[in-house]
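What follows is a short report on a single structure.
Side chains included, hydrogens not; waters and symmetry mates left out as well; all remaining heavy atoms used. Lettering of chains follows the sequences in order, A, B, ..., and the numbering in each one begins at 1.
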Number of protein chains: 2
Amino acid sequence: MLSIGDLSRRTGVKVPTIRYYEQSGLLEATARTDGNQRRYGEAEAEKLGFIRHARDLGFSLDAIRALIELQDHPDRSCAEANALARDQLAEVTERIRRLQALERELQRIAEGCDGDGTAGSCYVLRSLADHGACETEHS
Amino acid sequence: MLSIGDLSRRTGVKVPTIRYYEQSGLLEATARTDGNQRRYGEAEAEKLGFIRHARDLGFSLDAIRALIELQDHPDRSCAEANALARDQLAEVTERIRRLQALERELQRIAEGCDGDGTAGSCYVLRSLADHGACETEHS
DNA sequence: TCTTGAACCTCTAGTGACTAGAGATCCTAC
DNA sequence: GTAGGATCTCTAGTCACTAGAGGTTCAAGA
């Protein structure tokens, strides 16, 4: 049996985060020692690994809850899991698109200023004051 | 003079957000009517536009506070504004890089499953359980 | 068996940048 | 004068944790 610290080292999820996951119903309350300390088995370690991986991929805890629900009912259609993955993918793609617009804009702004002048004539500050000067359509 | 609603329509910043900015010291407390309602002039509208634009570009409120400080002291060196812009750019670039790794991974996962099977044999769920299967180094 | 001290426990509060809602007051157009 | 939309303050909620206080338990060494 693993203590919460063992589990943390194994999965790379911090101890308070594990407790938080239990509290928010993502992990079930687990076995305890006589002294009230949590003990985990292999199944729990795997489940936390799943959660960790899904979090790394940007899934919200709500989405992960839905995925776990599906995992627990292997007879159900996996269409939902598929949809969740595709939604997540679409969101990531969109975020990349918007960040790239920002990147271009920030590049333009940062390159217009060498940091030598005074704030009064600073191109960075002027650019921030004037959205109209933007070349790309950011948000 | 503009009411808070007018200002909101003009800048695209929501009314509660404007009040929140005032409360957190980003905007100074402004003139009020006898009935205690906020009234704004051109200068405030411009400042809020600046904040809005910087937020759109991903600057934190703390960074924006620093930028406003600089704006208010036009005689200071603009090196700091330049550094803030470059920091922000570096962060955006890094976020894009990480999101692109996620995108590739999610693409792989989503494409492995057509949503036709059952959860028990779902490629999405299996992929999420097994980080080892990942092809790119995400997070 | 006793004693350290690291690891564990619960609980509350804080983070950032808002957002939502309650309940009261104000402003403006008719 | 009145109706009702806009505004006011205040508190609490969001997400996914993180930090800290104050107390208890566990495991290894003497």
Side-chain angles (χ1 to χ4, degrees), chain A residues 1-27 29-40 44 47-48 50-68 84 87-88 91-92 95 98 102 139, chain B residues 1-27 29-40 44 47-48 50-68 84 87-88 91-92 95 98 102 139:
Chain A
M1 299 294 270
L2 303 162
S3 73
I4 198 168
D6 297 335
L7 185 65
S8 168
R9 272 180 294 280
R10 220 162 90 168
T11 57
V13 179
K14 290 187 194 151
V15 168
T17 305
I18 298 173
R19 288 198 275 251
Y20 169 74
Y21 285 166
E22 179 185 319
Q23 190 209 284
S24 54
L26 220 56
L27 293 170
T30 186
R32 301 273 182 139
T33 64
D34 289 349
N36 200 33
Q37 299 195 355
R38 293 168 180 84
R39 287 298 113 103
Y40 299 93
E44 275 116 332
K47 187 160 172 184
L48 186 55
F50 176 93
I51 295 171
R52 166 88 213 264
H53 192 196
R55 281 297 297 140
D56 283 351
L57 287 167
F59 287 86
S60 70
L61 294 193
D62 261 358
I64 294 173
R65 242 182 291 274
L67 289 168
I68 288 175
L84 281 167
D87 282 0
Q88 183 58 27
E91 211 169 286
V92 167
R95 255 154 69 194
R98 281 196 287 117
L102 296 191
S139 85
Chain B
M1 299 295 268
L2 303 161
S3 73
I4 198 168
D6 297 335
L7 185 64
S8 169
R9 272 180 294 279
R10 218 161 92 169
T11 57
V13 179
K14 290 187 195 151
V15 168
T17 305
I18 297 173
R19 289 199 274 251
Y20 169 74
Y21 286 166
E22 180 185 317
Q23 189 209 284
S24 54
L26 220 57
L27 292 171
T30 185
R32 302 272 182 139
T33 64
D34 289 350
N36 201 34
Q37 300 195 351
R38 292 167 180 84
R39 287 298 113 104
Y40 299 92
E44 276 116 331
K47 187 160 173 186
L48 186 56
F50 176 94
I51 295 172
R52 164 90 213 264
H53 193 195
R55 282 296 297 141
D56 283 349
L57 287 167
F59 287 86
S60 70
L61 294 192
D62 262 358
I64 294 173
R65 243 182 290 273
L67 289 167
I68 288 176
L84 281 168
D87 282 359
Q88 183 58 26
E91 213 170 285
V92 166
R95 256 155 70 194
R98 283 196 285 118
L102 297 191
S139 94

Tell me whether the OP1 or OP2 atom of [N] has a side-chain N or O from [X] closer than 4.0 Å.
| X | N | result |
| --- | --- | --- |
| A:K14 | D:dT18 | yes |
| A:T33 | D:dC26 | yes |
| A:S24 | D:dA16 | no |
| A:Y21 | D:dC17 | yes |

Measure across [X] and [Y] and return the closest heavy-atom pair with its distance rounded to 0.1 Å.
| X | Y | answer |
| --- | --- | --- |
| B:Q88 | B:L57 | NE2-O, 3.3 Å |
| A:G58 | B:L102 | N-CD1, 4.5 Å |
| A:L84 | A:A63 | CD1-O, 4.0 Å |
| B:R52 | B:T11 | NH1-O, 3.2 Å |

Under 4.0 Å protein heavy-atom contacts per nucleotide of nucleotides 2-11 of chain D, with B for base, S for backbone only and - for none: -----SSB--
Give the rounded distance in Å between these two atoms: [atom1] of [X] and [atom2] of [N].
| X | N | atom1 | atom2 | answer |
| --- | --- | --- | --- | --- |
| A:L27 | D:dC17 | CG | P | 12 Å |
| B:Y20 | D:dG13 | OH | C1' | 14 Å |
| A:L2 | C:dC8 | CG | P | 11 Å |
| B:L26 | C:dC18 | CG | P | 9 Å |
| B:I64 | C:dA17 | CD1 | P | 8 Å |

Donor-acceptor pair between B:T30 and B:E22 side chains, under 3.5 angstrom: no
Supply the atom-to-atom distance B:L61 CG to B:Y20 OH, rounded to the nearest 0.5 angstrom. 5.5 Å
When we call it a touch if two heavy atoms are under 4.0 Å apart, what does A:F59 touch: a base, just sugar-phosphate, or nothing? nothing
